[in-house]
There are 2 protein chains.
Amino acid sequence: MNNYSKQREAILDVMKENLVHPTAEEIYQFVLEKEPQISKSTVYRNINILVELGEIKKLNMTVGPDRYDYLYKEHSHAICEKCGNIFDFYDDFNKEEISKELLKQIGNHMDINSITIYGICEDCKSNNKK
Amino acid sequence: MNNYSKQREAILDVMKENLVHPTAEEIYQFVLEKEPQISKSTVYRNINILVELGEIKKLNMTVGPDRYDYLYKEHSHAICEKCGNIFDFYDDFNKEEISKELLKQIGNHMDINSITIYGICEDCKSNNKK
DNA sequence: TTAAAATTAGGAATAATTCCTAATTTCGGT
DNA sequence: ACCGAAATTAGGAATTATTCCTAATTTTAA
(Lines give C-alpha, C1' and ligand atoms only; values in the text may rest on other atoms or scores of the structure.)
Protein backbone atom coordinates (compact mmCIF):
# COMPACT_ATOMS: atom_id res chain seq x y z
CA MET A 1 0.00 0.00 0.00
CA ASN A 2 1.29 3.40 -0.95
CA ASN A 3 2.09 3.62 -4.62
CA TYR A 4 1.39 6.84 -6.41
CA SER A 5 -1.85 7.12 -8.32
CA LYS A 6 -3.43 10.18 -9.84
CA GLN A 7 -6.75 9.11 -8.37
CA ARG A 8 -5.47 9.24 -4.81
CA GLU A 9 -3.77 12.55 -5.56
CA ALA A 10 -7.03 13.97 -6.88
CA ILE A 11 -8.92 12.88 -3.77
CA LEU A 12 -6.39 14.52 -1.48
CA ASP A 13 -6.54 17.67 -3.61
CA VAL A 14 -10.30 17.73 -3.25
CA MET A 15 -9.93 17.45 0.50
CA LYS A 16 -7.49 20.32 0.58
CA GLU A 17 -9.74 22.52 -1.54
CA ASN A 18 -12.99 21.72 0.21
CA LEU A 19 -12.84 22.43 3.90
CA VAL A 20 -16.50 21.64 4.30
CA HIS A 21 -16.40 18.20 5.91
CA PRO A 22 -17.73 16.28 2.88
CA THR A 23 -19.24 12.80 2.98
CA ALA A 24 -17.70 10.01 0.90
CA GLU A 25 -20.41 10.55 -1.71
CA GLU A 26 -19.65 14.27 -1.87
CA ILE A 27 -15.94 13.59 -2.23
CA TYR A 28 -16.80 11.26 -5.10
CA GLN A 29 -18.84 14.01 -6.78
CA PHE A 30 -16.03 16.56 -6.38
CA VAL A 31 -13.39 14.16 -7.68
CA LEU A 32 -15.49 13.29 -10.73
CA GLU A 33 -14.74 16.77 -12.05
CA LYS A 34 -11.03 16.06 -12.03
CA GLU A 35 -11.14 12.35 -12.83
CA PRO A 36 -14.38 11.69 -14.70
CA GLN A 37 -13.72 7.95 -14.97
CA ILE A 38 -12.99 7.32 -11.30
CA SER A 39 -15.09 4.66 -9.59
CA LYS A 40 -16.76 4.95 -6.24
CA SER A 41 -14.88 1.97 -4.84
CA THR A 42 -11.61 3.72 -5.63
CA VAL A 43 -12.84 6.74 -3.73
CA TYR A 44 -13.79 4.68 -0.70
CA ARG A 45 -10.56 2.69 -0.77
CA ASN A 46 -8.42 5.80 -0.97
CA ILE A 47 -10.37 7.67 1.67
CA ASN A 48 -9.64 4.80 4.03
CA ILE A 49 -5.98 4.79 3.10
CA LEU A 50 -5.71 8.55 3.62
CA VAL A 51 -7.35 8.20 7.02
CA GLU A 52 -4.92 5.41 7.89
CA LEU A 53 -2.01 7.57 6.77
CA GLY A 54 -3.32 10.40 8.94
CA GLU A 55 -3.73 12.76 5.98
CA ILE A 56 -7.43 13.24 6.60
CA LYS A 57 -9.69 12.66 9.57
CA LYS A 58 -12.93 10.73 9.77
CA LEU A 59 -15.72 12.46 11.65
CA ASN A 60 -18.14 10.05 13.28
CA MET A 61 -21.60 11.45 12.82
CA THR A 62 -24.74 10.91 14.85
CA VAL A 63 -26.92 11.77 11.90
CA GLY A 64 -26.21 10.84 8.28
CA PRO A 65 -23.12 9.24 6.77
CA ASP A 66 -19.68 9.87 8.21
CA ARG A 67 -17.74 12.91 7.09
CA TYR A 68 -14.10 13.64 6.42
CA ASP A 69 -11.84 16.57 7.13
CA TYR A 70 -8.44 17.69 5.94
CA LEU A 71 -6.56 19.06 8.94
CA TYR A 72 -4.82 22.04 7.36
CA LYS A 73 -4.43 23.10 10.97
CA GLU A 74 -4.92 20.99 14.07
CA HIS A 75 -8.44 21.40 15.41
CA SER A 76 -11.33 19.60 17.01
CA HIS A 77 -15.03 19.45 16.19
CA ALA A 78 -18.32 20.20 17.82
CA ILE A 79 -21.12 18.31 16.09
CA CYS A 80 -24.84 18.92 16.37
CA GLU A 81 -26.55 15.60 16.92
CA LYS A 82 -29.78 16.85 15.44
CA CYS A 83 -28.86 18.60 12.19
CA GLY A 84 -25.33 17.27 11.77
CA ASN A 85 -23.73 20.69 11.55
CA ILE A 86 -20.04 20.68 12.33
CA PHE A 87 -18.26 23.57 14.04
CA ASP A 88 -14.48 23.70 13.88
CA PHE A 89 -12.99 24.21 17.25
CA TYR A 90 -9.42 25.28 17.88
CA ASP A 91 -8.38 23.65 21.13
CA ASP A 92 -7.53 25.92 23.96
CA PHE A 93 -8.06 23.12 26.40
CA ASN A 94 -5.05 20.97 26.13
CA LYS A 95 -4.78 17.41 24.86
CA GLU A 96 -1.77 16.59 27.00
CA GLU A 97 -3.62 17.46 30.16
CA ILE A 98 -6.70 15.51 29.22
CA SER A 99 -4.45 12.64 28.23
CA LYS A 100 -2.93 12.52 31.72
CA GLU A 101 -6.35 12.67 33.31
CA LEU A 102 -7.56 9.86 31.08
CA LEU A 103 -4.56 7.74 31.98
CA LYS A 104 -5.33 8.14 35.66
CA GLN A 105 -8.91 7.12 35.17
CA ILE A 106 -8.77 4.18 32.80
CA GLY A 107 -5.32 2.95 33.75
CA ASN A 108 -4.37 2.73 30.14
CA HIS A 109 -2.37 4.88 27.82
CA MET A 110 -4.04 6.10 24.72
CA ASP A 111 -2.70 8.18 21.87
CA ILE A 112 -5.35 10.84 21.61
CA ASN A 113 -6.17 11.74 18.03
CA SER A 114 -9.07 14.04 18.59
CA ILE A 115 -11.67 15.33 20.97
CA THR A 116 -15.19 15.68 19.67
CA ILE A 117 -18.04 17.45 21.34
CA TYR A 118 -21.58 16.29 20.60
CA GLY A 119 -24.56 18.45 21.42
CA ILE A 120 -27.50 20.43 20.10
CA CYS A 121 -26.78 23.66 18.26
CA GLU A 122 -28.51 27.01 18.73
CA ASP A 123 -30.67 26.66 15.62
CA CYS A 124 -31.96 23.22 16.57
CA LYS A 125 -32.69 24.45 20.07
CA SER A 126 -34.83 27.36 18.85
CA ASN A 127 -36.48 25.63 15.85
CA ASN A 128 -37.56 23.02 18.33
CA LYS A 129 -39.93 21.00 16.18
CA LYS A 130 -39.79 17.90 18.36
CA MET B 1 -44.75 9.36 20.32
CA ASN B 2 -44.51 8.08 23.83
CA ASN B 3 -47.13 5.52 24.57
CA TYR B 4 -46.22 2.65 26.80
CA SER B 5 -45.21 -0.61 25.18
CA LYS B 6 -43.65 -3.66 26.77
CA GLN B 7 -41.21 -3.83 23.88
CA ARG B 8 -39.77 -0.41 24.62
CA GLU B 9 -39.71 -1.25 28.32
CA ALA B 10 -37.76 -4.45 27.59
CA ILE B 11 -35.22 -2.57 25.47
CA LEU B 12 -34.62 -0.04 28.22
CA ASP B 13 -34.29 -2.88 30.74
CA VAL B 14 -31.68 -4.54 28.54
CA MET B 15 -29.77 -1.27 28.39
CA LYS B 16 -29.85 -0.95 32.16
CA GLU B 17 -28.67 -4.51 32.67
CA ASN B 18 -25.94 -4.51 30.03
CA LEU B 19 -23.46 -1.75 30.57
CA VAL B 20 -21.31 -3.01 27.73
CA HIS B 21 -22.06 -0.50 24.97
CA PRO B 22 -24.01 -2.92 22.74
CA THR B 23 -24.70 -2.45 19.04
CA ALA B 24 -28.29 -2.38 17.79
CA GLU B 25 -27.91 -6.01 16.71
CA GLU B 26 -26.68 -7.00 20.16
CA ILE B 27 -29.55 -5.17 21.82
CA TYR B 28 -31.90 -7.08 19.55
CA GLN B 29 -30.32 -10.40 20.61
CA PHE B 30 -30.57 -9.52 24.30
CA VAL B 31 -34.19 -8.38 23.98
CA LEU B 32 -35.17 -11.56 22.16
CA GLU B 33 -34.77 -13.41 25.45
CA LYS B 34 -37.42 -11.25 27.08
CA GLU B 35 -39.62 -10.68 24.05
CA PRO B 36 -39.07 -13.58 21.65
CA GLN B 37 -41.49 -12.20 19.04
CA ILE B 38 -40.00 -8.70 18.85
CA SER B 39 -38.94 -7.53 15.40
CA LYS B 40 -35.71 -5.83 14.53
CA SER B 41 -37.44 -2.75 13.18
CA THR B 42 -39.14 -2.30 16.55
CA VAL B 43 -35.76 -2.45 18.21
CA TYR B 44 -34.29 0.16 15.87
CA ARG B 45 -37.31 2.43 16.19
CA ASN B 46 -37.28 2.29 19.97
CA ILE B 47 -33.54 2.75 20.23
CA ASN B 48 -33.95 5.96 18.27
CA ILE B 49 -36.82 7.10 20.46
CA LEU B 50 -34.86 6.35 23.64
CA VAL B 51 -31.92 8.33 22.28
CA GLU B 52 -34.25 11.20 21.45
CA LEU B 53 -35.73 11.06 24.95
CA GLY B 54 -32.21 11.17 26.37
CA GLU B 55 -32.61 7.80 28.13
CA ILE B 56 -29.67 6.26 26.29
CA LYS B 57 -26.74 7.67 24.38
CA LYS B 58 -25.54 6.83 20.89
CA LEU B 59 -21.79 6.33 20.55
CA ASN B 60 -20.49 7.23 17.11
CA MET B 61 -17.92 4.64 16.18
CA THR B 62 -15.01 4.85 13.79
CA VAL B 63 -14.98 1.10 13.30
CA GLY B 64 -18.06 -1.12 13.14
CA PRO B 65 -21.69 -0.20 13.73
CA ASP B 66 -22.66 2.45 16.24
CA ARG B 67 -23.09 1.52 19.89
CA TYR B 68 -25.41 2.60 22.66
CA ASP B 69 -24.98 3.31 26.33
CA TYR B 70 -27.28 3.70 29.28
CA LEU B 71 -25.96 6.56 31.39
CA TYR B 72 -26.54 5.15 34.88
CA LYS B 73 -24.09 7.87 35.83
CA GLU B 74 -22.94 10.81 33.74
CA HIS B 75 -19.74 9.98 31.92
CA SER B 76 -17.85 10.40 28.68
CA HIS B 77 -16.08 7.95 26.40
CA ALA B 78 -12.66 7.34 24.98
CA ILE B 79 -12.90 5.21 21.84
CA CYS B 80 -10.09 3.35 20.12
CA GLU B 81 -10.32 4.07 16.41
CA LYS B 82 -8.54 0.85 15.52
CA CYS B 83 -10.22 -1.87 17.61
CA GLY B 84 -13.35 0.00 18.66
CA ASN B 85 -12.79 -0.54 22.38
CA ILE B 86 -14.65 1.95 24.55
CA PHE B 87 -13.31 3.23 27.84
CA ASP B 88 -15.71 4.95 30.22
CA PHE B 89 -14.41 8.23 31.38
CA TYR B 90 -15.75 10.16 34.35
CA ASP B 91 -15.25 13.82 33.54
CA ASP B 92 -12.98 15.75 35.77
CA PHE B 93 -12.55 18.39 33.12
CA ASN B 94 -15.66 20.45 33.24
CA LYS B 95 -18.33 20.76 30.58
CA GLU B 96 -19.33 24.27 31.63
CA GLU B 97 -15.87 25.55 31.08
CA ILE B 98 -15.49 23.90 27.71
CA SER B 99 -18.92 25.20 26.81
CA LYS B 100 -17.83 28.79 27.48
CA GLU B 101 -14.68 28.28 25.45
CA LEU B 102 -16.68 26.84 22.58
CA LEU B 103 -19.06 29.77 22.66
CA LYS B 104 -16.16 32.21 22.39
CA GLN B 105 -14.72 30.33 19.44
CA ILE B 106 -17.69 29.47 17.27
CA GLY B 107 -19.88 32.39 18.34
CA ASN B 108 -22.75 30.04 18.88
CA HIS B 109 -24.34 28.43 21.86
CA MET B 110 -24.53 24.69 22.00
CA ASP B 111 -26.01 22.38 24.58
CA ILE B 112 -23.18 19.97 25.13
CA ASN B 113 -24.35 16.40 25.48
CA SER B 114 -21.03 14.63 25.59
CA ILE B 115 -17.35 14.80 24.96
CA THR B 116 -15.76 11.89 23.15
CA ILE B 117 -12.08 11.22 22.81
CA TYR B 118 -10.89 9.25 19.78
CA GLY B 119 -7.44 7.69 19.71
CA ILE B 120 -5.41 4.50 19.59
CA CYS B 121 -5.37 2.33 22.69
CA GLU B 122 -2.34 0.73 24.34
CA ASP B 123 -3.04 -2.72 22.88
CA CYS B 124 -3.34 -1.47 19.32
CA LYS B 125 -0.17 0.56 19.73
CA SER B 126 1.87 -2.46 20.81
CA ASN B 127 0.25 -5.06 18.53
CA ASN B 128 1.11 -2.71 15.74
CA LYS B 129 0.39 -4.93 12.77
CA LYS B 130 0.13 -2.12 10.28
C1' DT C 1 12.96 -2.70 -20.09
C1' DT C 2 10.64 -5.84 -17.58
C1' DA C 3 8.55 -8.55 -14.05
C1' DA C 4 6.35 -8.00 -9.56
C1' DA C 5 3.43 -5.33 -6.82
C1' DA C 6 -0.07 -2.03 -6.35
C1' DT C 7 -4.00 0.17 -8.09
C1' DT C 8 -7.91 0.67 -10.94
C1' DA C 9 -13.02 0.50 -12.87
C1' DG C 10 -17.10 -1.61 -12.61
C1' DG C 11 -20.26 -4.07 -10.57
C1' DA C 12 -21.81 -7.60 -7.19
C1' DA C 13 -22.28 -8.44 -2.40
C1' DT C 14 -22.83 -7.25 2.28
C1' DA C 15 -24.08 -4.63 6.32
C1' DA C 16 -26.76 -1.42 8.71
C1' DT C 17 -30.77 1.01 8.98
C1' DT C 18 -35.21 2.89 7.58
C1' DC C 19 -39.63 2.52 5.52
C1' DC C 20 -44.22 0.42 4.54
C1' DT C 21 -48.62 -1.79 5.80
C1' DA C 22 -52.18 -4.03 7.99
C1' DA C 23 -53.09 -5.72 12.61
C1' DT C 24 -52.84 -4.88 17.51
C1' DT C 25 -52.29 -2.18 21.69
C1' DT C 26 -52.66 1.88 24.45
C1' DC C 27 -54.79 6.12 25.82
C1' DG C 28 -58.15 9.61 27.25
C1' DG C 29 -62.66 10.85 27.77
C1' DT C 30 -66.99 9.45 29.08
C1' DA D 1 -65.55 -0.70 31.53
C1' DC D 2 -66.28 1.02 26.60
C1' DC D 3 -65.02 3.29 22.42
C1' DG D 4 -62.75 5.84 18.91
C1' DA D 5 -58.32 8.00 17.93
C1' DA D 6 -53.55 7.70 18.16
C1' DA D 7 -49.52 5.10 18.75
C1' DT D 8 -47.09 0.92 18.28
C1' DT D 9 -46.18 -3.53 16.48
C1' DA D 10 -44.25 -7.61 13.37
C1' DG D 11 -42.57 -8.75 9.24
C1' DG D 12 -40.51 -7.93 5.32
C1' DA D 13 -39.21 -4.88 1.43
C1' DA D 14 -36.40 -1.05 0.28
C1' DT D 15 -32.72 2.00 0.83
C1' DT D 16 -28.23 3.60 2.12
C1' DA D 17 -23.50 3.17 2.93
C1' DT D 18 -19.65 0.57 2.37
C1' DT D 19 -16.73 -3.34 1.19
C1' DC D 20 -15.37 -7.03 -1.74
C1' DC D 21 -14.15 -9.33 -6.19
C1' DT D 22 -11.80 -9.72 -10.69
C1' DA D 23 -9.48 -8.91 -14.75
C1' DA D 24 -7.04 -5.06 -16.82
C1' DT D 25 -3.90 -1.22 -16.21
C1' DT D 26 -0.37 1.48 -13.96
C1' DT D 27 3.56 2.12 -11.06
C1' DT D 28 7.84 0.78 -9.12
C1' DA D 29 12.46 -0.52 -8.72
C1' DA D 30 16.18 -3.27 -10.29
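Side-chain atoms are counted along with the backbone in the values below, which use heavy atoms only and exclude waters and symmetry mates. Below, chain A is the first sequence line, B the second, and so on; all start at residue 1.
To the nearest angstrom, P of dT17(C) lies 10 Å from CD1 of I27(B). In this structure, K40(B) places its NZ atom 13 Å from P of dG11(D), rounding to the nearest Å. As rounded to whole Å, 10 Å separates atom P of dT18(C) from atom CG of D66(B). E9(A) has its CD atom 12 Å from the P atom of dT8(C), to the nearest Å. Atom CD of E26(B) and atom P of dA15(C) are 15 Å apart (whole Å). Spacing between atom OH of Y4(B) and atom P of dT24(C) amounts to 19 Å, rounded to whole angstrom units. For the pair E25(A) CD and dT19(D) C1', the interatomic distance rounds to 15 Å; values are reported in whole Å. Atom pair Q37(B):CD and dG11(D):C1' shows a separation of 12 Å (rounding to whole Å applied).
A close approach under 4.0 Å does occur between a side-chain nitrogen or oxygen of S39(A) and OP1 or OP2 of dA9(C). Look at R8(B) and you'll find a side-chain N or O under 4.0 angstrom from OP1 or OP2 of dT8(D). Taking side-chain N and O atoms only, Q7(A) has no distance below 4.0 Å to OP1 or OP2 of dT26(D). Applying the 4.0 Å criterion to OP1 and OP2 of dT18(C), one finds that N48(B) has a side-chain N or O inside that range.
Using modelled atom types and a 3.5 Å distance limit, the side chains of Q7(B) and E9(B) yield no donor-acceptor pair.
Taking the nucleotide of DNA chain C with the nearest heavy atom to each of G64(B) and N2(B), the more 5' of the two is matched to G64(B). If N3(A) and Y44(B) are placed on DNA chain C by their nearest nucleotide, the residue sitting closer to the 5' end is N3(A).
When heavy atoms are screened at a 4.0 angstrom cut-off, T42(B) is found touching base atoms of the nucleic acid. Base engagement by S41(B) is indicated by at least one non-hydrogen atom pair under 4.0 Å involving a base atom.
A ring-centre distance under 6.0 Å is not found for H77(B) and F89(B).
Ion pairing of D66(A) with K58(A) is present here, as a side-chain N (NZ or NE/NH1/NH2) and a carboxylate O approach within less than 4.0 Å. Electrostatic pairing of E17(B) and K34(B) counts as a salt bridge here, judged by a charged N lying under 4.0 Å from a carboxylate O.
A donor-acceptor contact shorter than 3.5 Å links the side chain of R67(B) to the backbone of H21(B).
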